[in-house]
Each structure stands twice: as structure tokens, then as C-alpha cells.
2 protein chains.
Amino acid sequence: MNIQFNNRDPVYIQVIQHFKLQIAKGFLESGDVIPSRRELASQLKINPNTAQRAYKEMEEEGLIKTEKNQPSKVTHDQDVLRGVRNELIDEAVSQFVDSVKSINVPLEDAMKLIETHYKEKGDSND
Amino acid sequence: MNIQFNNRDPVYIQVIQHFKLQIAKGFLESGDVIPSRRELASQLKINPNTAQRAYKEMEEEGLIKTEKNQPSKVTHDQDVLRGVRNELIDEAVSQFVDSVKSINVPLEDAMKLIETHYKEKGDSND
DNA sequence: AACAGTGTATTAACCACTTAGTACACCGTC
DNA sequence: GACGGTGTACTAAGTGGTTAATACACTGTT
């Protein structure tokens, strides 16, 4: 567990993003337990409340489920989990297309750039 | 002149982004004059200091040139202007490829999604 | 019962950004 | 020269979101 924080976005947002990536990659699956608020905070060297805020939002989004004082677990709702992946992808696609269209880059050029750039860089694994 | 502000990013950043888009699209060309700080602030209903901050950064980036008490003008340096466009494109491409690779979306899938999405939405003009 | 661990809630402090209020120097025009 | 416009600079206050500090309630274990 380690997150490369940028100092542009709020930490709790980046924490959420981290878990979404883990889910989208399949590293976190239905029912998996995740660290307690305090433990996560300790690992990431952030404030427990920041961890709490991230967890709270994930709870509200249905990503995780917390009962009694059991450790929080990834939801069993497979649709939600698939949704995470799809949303990340849709978001990336929309943003890219919007950017590229806003400055009138032809589709062909955009495609070529992506192809080149995709092959250039090494795989991103954890 | 009108900008659709979001309340996520600082206003002065969005102002800069706006001018970069205008340049990238060719709507703003070398030597074109841009509104005075006070006029821009008035039009966009923002504080003159916020406008000033945006202009100051654009000046430091070499995007605009200000002399004496003439209205600021877009730089005559064609390389800089081309650079703006290229940077916007590179940024979009990098971000997209990073996102998509981080969750292991195959190149083919990514390309297909972009193609579809690109054709779906109408052109974005001002 | 004491303890250590959980989640949760509340309040205060912090911080970047924005805004406000002035002020100064410069230049064209009337 | 007065005036209105420009750019620029500085300080102070306000604002909203983020983070920090602390406390509380609950539960399983010893």
C-alpha cells in the first residue's frame, strides 16, 4: 500500500481514486477487506479523518460496506464493481475527445498519437 | 468573450486555459490585442486582480507581450504559439494513455472507444 | 472490568485562492 | 494640464475546502 500523492488534488480524492484503480484492475475484489481508517492513515502518513472522509464517500458510492466494527469490505455488488471500471474508462475517453475536439484535432491524428504514445511507454504495474 | 467557469480549478488558471484554447484553435493569432485587465475583469465578472494574475502568468510563459501602456498582445513568436497547441495535445494524449494503461485497457479497445465517442458528439465551436 | 481495536462525529485550525481597497507611474487625448 | 485609460504592486480581509485534534460509542478479547 503506497500512493504517490500530488499536491494538486485533495488527498481524500486521491485515496478514493487509488481504491477505484485497484478495483478496476481487479486487485481488489468483492468481499476483500481493506485497512481500518487508522491503519490506512498510518500507512499513508495522512490524518485519520482524511482516511475517514475517503471511506465515507466510498461507502456512499456503494463501493465498500462497513458493518458494526468490522473492517470495511469491498461491496459484493458486481455491477458496482464493473461500473467503476467503466466509469474510469468513459471519463478518460470523454475527457480526451473533448480536449482534442476543442482544438480541432482530426480523429486520424488523435488516433495516431495515441497509438504511438501507447506503445512507447512501458507497462504500468504496481 | 465568455468563460464557463467550473468551481474546481482556480479562476486565473481557467482564464489562462481559455486563452490557450483560443490560440490553439487559431482564433487568437500573433499580434492580436487582448482586453485590458480591467476590461476582462468586467466582462467575466471577476476581480481585476484575478485577471492580472492570469495575464502575469501568460506574460511569464511568453504567451503575451505587454509594452508601456499599450494593450497586451499575443506574442509574435510563432514557435511559442505552435507550442501551445502541441502542449495541449500532448497533455491530452499522455493523460489518456496513462489512465487507460493504468487499468489495463488494450490499445485496440481504447482506439475503438475514441473513434465511437469522437463521431458521436457534435463539433465544439464557440 | 480493563483494554485495544473498530467506526463515527464535532470542532478548530490551516491554507490557497479570491476579492477588496489603494496606490503609483505612464501615456494619449481633449 | 486635467482626465481617463493603461499596466503594475502591495496589503488586508474574506471564503471554502481540506486537514488536524479530540472525543464518543461500540465490540471482542483478555
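These numbers come from the heavy atoms of this one structure, side chains and all, not from hydrogens, waters or symmetry mates. Order of the sequence lines fixes the chain letters, A, B, ..., with proteins taken first and strands second; residue numbering starts at 1 for each chain.
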Rounded to the nearest Å, what distance is computed from the [atom1] atom of residue [X] to the [atom2] atom of nucleotide [N]?
X	N	atom1	atom2	value
B:Q52	D:dT11	CD	C1'	15 Å
A:E57	D:dG17	CD	C1'	12 Å
B:F5	C:dC17	CZ	P	15 Å
B:K45	C:dT19	NZ	C1'	16 Å
B:R8	C:dC17	CZ	P	15 Å
B:Y55	D:dT6	OH	C1'	12 Å
A:E67	D:dC26	CD	P	17 Å
A:R37	D:dC26	CZ	C1'	14 Å

Regarding A:K20 and A:E61, does a basic nitrogen lie under 4.0 Å from an acidic carboxylate oxygen? yes

Under a 4.0 Å threshold between the charged nitrogen and the carboxylate oxygen, would A:K112 count as salt-bridged to A:E108? no

OP1 or OP2 of [N] sitting under 4.0 Å from any side-chain N/O of [X]?
X	N	result
B:Q70	D:dT6	no
B:K68	C:dC27	yes
A:S36	C:dT6	yes

With a 3.5 Å cut-off and sequence neighbours excluded, list the donor-acceptor pairs that the side chains of residues 40-47 of chain A form with protein atoms.
unit_1 : atom_1 : unit_2 : atom_2 : d
A:Q43  : NE2    : A:E39  : OE2    : 3.2
A:N47  : OD1    : A:N49  : N      : 2.8
A:N47  : OD1    : A:N49  : ND2    : 3.4

Side chain proximity check, [X] to [Y], heavy atoms < 4.5 angstrom:
X	Y	result
A:V74	A:E29	no
A:L63	A:T75	no
B:I34	B:Y55	yes

Quick one: which of D:dA9, C:dT8, C:dT6 gets closest to the side chain of A:E39? C:dT6

Using nucleotides 19-23 of chain D, report all nitrogen or oxygen pairs with the protein that are shorter than 3.5 Å.
unit_1 : atom_1 : unit_2 : atom_2 : d
D:dT19 : OP1    : A:V11  : N      : 2.8
D:dA20 : OP2    : A:N47  : N      : 3.2
D:dA20 : N7     : A:N49  : ND2    : 3.4
D:dA21 : N7     : A:N49  : ND2    : 2.8
D:dA21 : N6     : A:N49  : OD1    : 3.0
D:dA21 : N6     : A:N49  : ND2    : 2.3

B:N7 vs B:K56, nearer the 5' end of DNA chain D by closest nucleotide: B:K56

Separation of B:I16 CD1 from B:I64 CD1 (nearest 0.5 Å): 9.0 Å

